[in-house]
There are 2 protein chains.
Amino acid sequence: MLTNTEENYIKAIYHLSVDNKTVRTNAISEVMNTTPASVSDMLKKLSDKSYIHYEKYQGVSLTKKGKTEALQVVRKHRLWEVFLVEKLQFNWDEVHEIAEQLEHIQSKLLIERLDNFLDHPTSDPHGDPIPNAKGEMPVLRQVLLSELEITIKAKVMGMKEHSPAFLQYLDKLGITIGSSVKVMDRVVFDASVELKVNDKKTMVVSHEVAKNILVSPID
Amino acid sequence: MLTNTEENYIKAIYHLSVDNKTVRTNAISEVMNTTPASVSDMLKKLSDKSYIHYEKYQGVSLTKKGKTEALQVVRKHRLWEVFLVEKLQFNWDEVHEIAEQLEHIQSKLLIERLDNFLDHPTSDPHGDPIPNAKGEMPVLRQVLLSELEITIKAKVMGMKEHSPAFLQYLDKLGITIGSSVKVMDRVVFDASVELKVNDKKTMVVSHEVAKNILVSPID
DNA sequence: AAATAAATTTAGATTAACCTTAATTTTTGG
DNA sequence: CCAAAAATTAAGGTTAATCTAAATTTATTT
């Protein structure tokens with residue numbers, strides 16, 4: 001069984017491994033808010049437990065076992081975020097810290113039931129995909145609203161910008177996660193977007209706004 | 001800020017302080033599953049932080065500050081238990097361990113919202129009262145079904161017995177938490193109880209069964 | 001290709017929460 | 001009431017996760 005700290009290190013390595021290059025000690029120390037010396041200690045431990053491939057001075061990468069662990073933690077984190085936003089009315093920019101704690105609760109059954117309760121969501125309130133119980137990432141056909149093909153109906157999955165000002169503006173427009181949107185037309189001059197929200201309201205939003213809304217086409 | 005372990009000690013002291021006598025080191029070590037020596041160490045620490053009154057060899061009691069802390073932890077534990085049973089379909093005998101973890105999540109707002117989501121429950125699935133946000137225990141007018149006055153309608157609040165056999169039997173009878181019950185008559189011979197469940201089904205249960213069901217009269 | 005800079009690891013301490021063994025205090029029963 | 005038993009505390013040690021300072025390795029740059 002992993003400690004919370006070990007889980008956090010593994011998760012950090014996972015998030016830093018975007019392009020499959022090895023992850024450097026300094027990069028980890030930065031996101032973990034510790035010293036490189038502390039990271040060195042932990043890397044030795046994680047290597048002994050074979051969660052990572054580690055050669056001194058050469059950076060690390062996750063083993064299969066390590067990646068599985070990381071994906072489970074990510075899954076838990078994102079499921080809890082969905083819970084907090086959908087059931088407890090949190091805004092999507094308030095949930096990260098709480099989910100950081102909840103992601104360490106140990107109970108397979110709990111996560112299974114939570115997933116069920118939430119109706120098996122495939123993405124979290126930031127639009128990031130949620131790995132399934134086997135650790136497989138769903139392939140989300142997600143695009144920015146600014147890139148959505150004309151007349152194709154889509155569902156709002158998340159936002160890239162999380163400032164209160166932006167959230168409040170969207171609120172006023174009636175655009176939230178789960179809303180349906182369809183681009184009716186684009187203004188050539190400034191790329192602003194004319195769209196229909198929830199099959200009713202027609203409105204115009206700027207290109208800047210559209211660039212910060214993640215949507216997923218509805219088949 | 002308290003560590004999880006400190007919170008657990010304070011909670012243990014709270015639960016052991018039923019009759020306001022001081023709590024002994026050995027009693028704590030037993031419920032905490034540690035050695036008396038470890039408890040001694042911790043008591044010194046908690047006393048330094050003024051969560052407890054502590055005189056060497058004389059046992060401890062919670063200060064006002066300590067009691068407030070304990071009640072908050074108990075509140076969180078019981079609210080999470082309600083969540084697990086009512087929303088995630090756990091049985092009331094499966095939730096304790098998970099709630100032991102969840103009770104340490106730090107976020108006032110989270111608990112406020114959870115309480116709201118659950119509709120401000122006043123007791124947990126075991127029938128135990130849930131302190132409010134100020135740390136006040138609600139006075140539950142709770143009696144055993146075996147003691148319920150005849151023809152008074154009441155709501156099932158919890159069970160004292162948690163064995164699967166008992167749960168399954170109640171399930172078959174259609175008696176769960178939240179059911180309404182009314183005692184129609186009592187058999188003098190063996191004190192078995194004739195009752196109406198949810199204003200419909202009439203049935204007879206033994207005194208032994210009735211003694212393990214907690215109910216609260218409906219005004 | 002050496003020398004300097006940057007990154008990383010090692011060494012040695014610290015703190016929290018434990019433990020075991022030994023000393024001390026309190027309780028209790030003959 | 002006082003000696004043995006029980007409870008408690010003290011002393012000294014361990015492990016996980018941190019730290020600082022020093023040593024070592026790798027990278028960069030003249």
Side-chain angles (χ1 to χ4, degrees), chain A residues 1-14 16-17 19 21-62 66 69-70 73 100-101 103-106, chain B residues 1-19 21-62 66 69-70 73 100-101 103-106:
Chain A
M1 179 89 85
L2 292 163
T3 64
N4 286 10
T5 310
E6 287 169 336
E7 284 191 352
N8 285 336
Y9 271 95
I10 287 172
K11 192 181 52 150
I13 295 166
Y14 172 80
L16 289 167
S17 306
D19 42 2
K21 273 193 294 195
T22 70
V23 177
R24 309 313 308 260
T25 301
N26 270 9
I28 299 171
S29 78
E30 207 162 299
V31 304
M32 295 288 298
N33 249 299
T34 55
T35 61
S38 305
V39 175
S40 253
D41 285 350
M42 181 56 90
L43 293 183
K44 210 175 300 160
K45 186 158 63 137
L46 290 177
S47 175
D48 288 349
K49 297 189 180 179
S50 59
Y51 288 102
I52 58 174
H53 300 294
Y54 178 40
E55 275 180 275
K56 279 207 269 185
Y57 295 101
Q58 302 307 309
V60 297
S61 61
L62 291 173
E69 269 311 321
V73 178
E100 285 287 302
Q101 299 179 60
E103 73 188 5
H104 300 295
I105 303 292
Q106 302 288 356
Chain B
M1 179 91 83
L2 292 162
T3 65
N4 285 9
T5 308
E6 286 169 337
E7 284 190 352
N8 285 336
Y9 271 95
I10 287 172
K11 192 180 51 152
I13 295 167
Y14 173 80
H15 285 310
L16 289 167
S17 307
V18 271
D19 42 3
K21 272 194 297 199
T22 69
V23 178
R24 310 311 307 261
T25 301
N26 270 8
I28 299 171
S29 78
E30 208 162 299
V31 305
M32 294 288 297
N33 249 298
T34 54
T35 60
S38 303
V39 175
S40 252
D41 284 352
M42 181 56 89
L43 294 183
K44 212 173 299 160
K45 188 160 60 137
L46 290 177
S47 174
D48 288 349
K49 297 189 181 181
S50 59
Y51 288 102
I52 58 174
H53 300 294
Y54 178 38
E55 275 181 274
K56 279 207 270 185
Y57 294 102
Q58 302 307 308
V60 298
S61 61
L62 291 173
E69 269 311 319
V73 178
E100 284 288 301
Q101 299 178 61
E103 73 188 6
H104 300 295
I105 303 291
Q106 303 288 356

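Note on naming: letters A, B, ... go to the chains in the order of the sequence lines (proteins, then strands), and numbering restarts at 1 for each one.
Residue B/Tyr57 has no polar side-chain atom (N or O) positioned under 4.0 Å from OP1 or OP2 of C/dA23. For C/dT8, one of the phosphate oxygens OP1 or OP2 lies less than 4.0 angstrom from a side-chain nitrogen or oxygen of A/Arg24. B/Thr25 has a side-chain polar atom (N or O) that falls below the 4.0 Å cut-off from OP1 or OP2 of D/dT9. Here A/Lys44 reaches the OP1 or OP2 of C/dT10: one of its side-chain N or O atoms lies under 4.0 Å away. Distances shown here put every side-chain N or O of A/Lys56 at or beyond 4.0 Å from the OP1 or OP2 atom of D/dT24. Of the side-chain N and O atoms in A/Asn26, one or more sit less than 4.0 angstrom from OP1 or OP2 of C/dT8.
If you take CE of B/Met42 and P of D/dA10, they are 16 Å apart, rounded to a whole angstrom. Between A/Gln58 atom CD and D/dT24 atom P the separation is 18 Å, expressed in whole Å. Going from atom CG of A/Leu2 over to atom P of D/dA16 covers 13 Å, rounded to whole Å. Rounded to an integer number of Å, the gap from OH of B/Tyr9 to C1' of C/dA16 is 11 Å. Rounded to whole angstrom, the span from the CG atom of B/Asn4 across to the C1' atom of C/dC18 amounts to 15 Å. Note: CD (B/Glu55) to P (D/dT8) measures 14 Å, nearest angstrom. As rounded to whole Å, 15 Å separates atom P of D/dG13 from atom CG of B/Asp41.
Counting non-hydrogen atoms under 4.0 angstrom, B/Ser40 reaches a base of the nucleic acid. Heavy atoms of B/Ser38 sit under 4.0 angstrom from at least one base atom. Among the heavy atoms of the strands lying under 4.0 Å from B/Thr35 is at least one base atom, whether or not backbone atoms are also near.
Ranking C/dC18, C/dT9, C/dT21 by closeness to the A/Leu43 side chain, first place goes to C/dT9.
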Exercise for the section: Evaluate the criterion salt bridge (Lys or Arg N to Asp or Glu O under 4.0 Å) for residue pair A/Arg24 and A/Glu30; output intermediate values, then yes/no. Expected result: CA-CA 10 Å; A/Arg24 309 313 308 260; A/Glu30 207 162 299; over 6 Å; no
Problem - side chain to side chain contact (heavy atoms under 4.5 Å, CB included) between A/Leu62 and A/Glu69, intermediate numbers included - result: CA-CA 10 Å; A/Leu62 291 173; A/Glu69 269 311 321; over 6 Å; no
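Under the 3.5 Å distance criterion, the side-chain polar atoms of A/Ser17 are left unmatched by any main-chain donor or acceptor of A/Ser61.
Annotation: the span from B/Met32 atom CE to B/Lys11 atom NZ amounts to 8.5 Å, rounded to 0.5 Å. To the nearest 0.5 Å, the span separating CG on B/Leu43 from CG on B/Asp48 amounts to 11.0 Å.
Where B/Tyr54 and A/Glu6 meet DNA chain D, the nucleotide closest to each residue was compared, and B/Tyr54 sits on the side nearer the 5' end.
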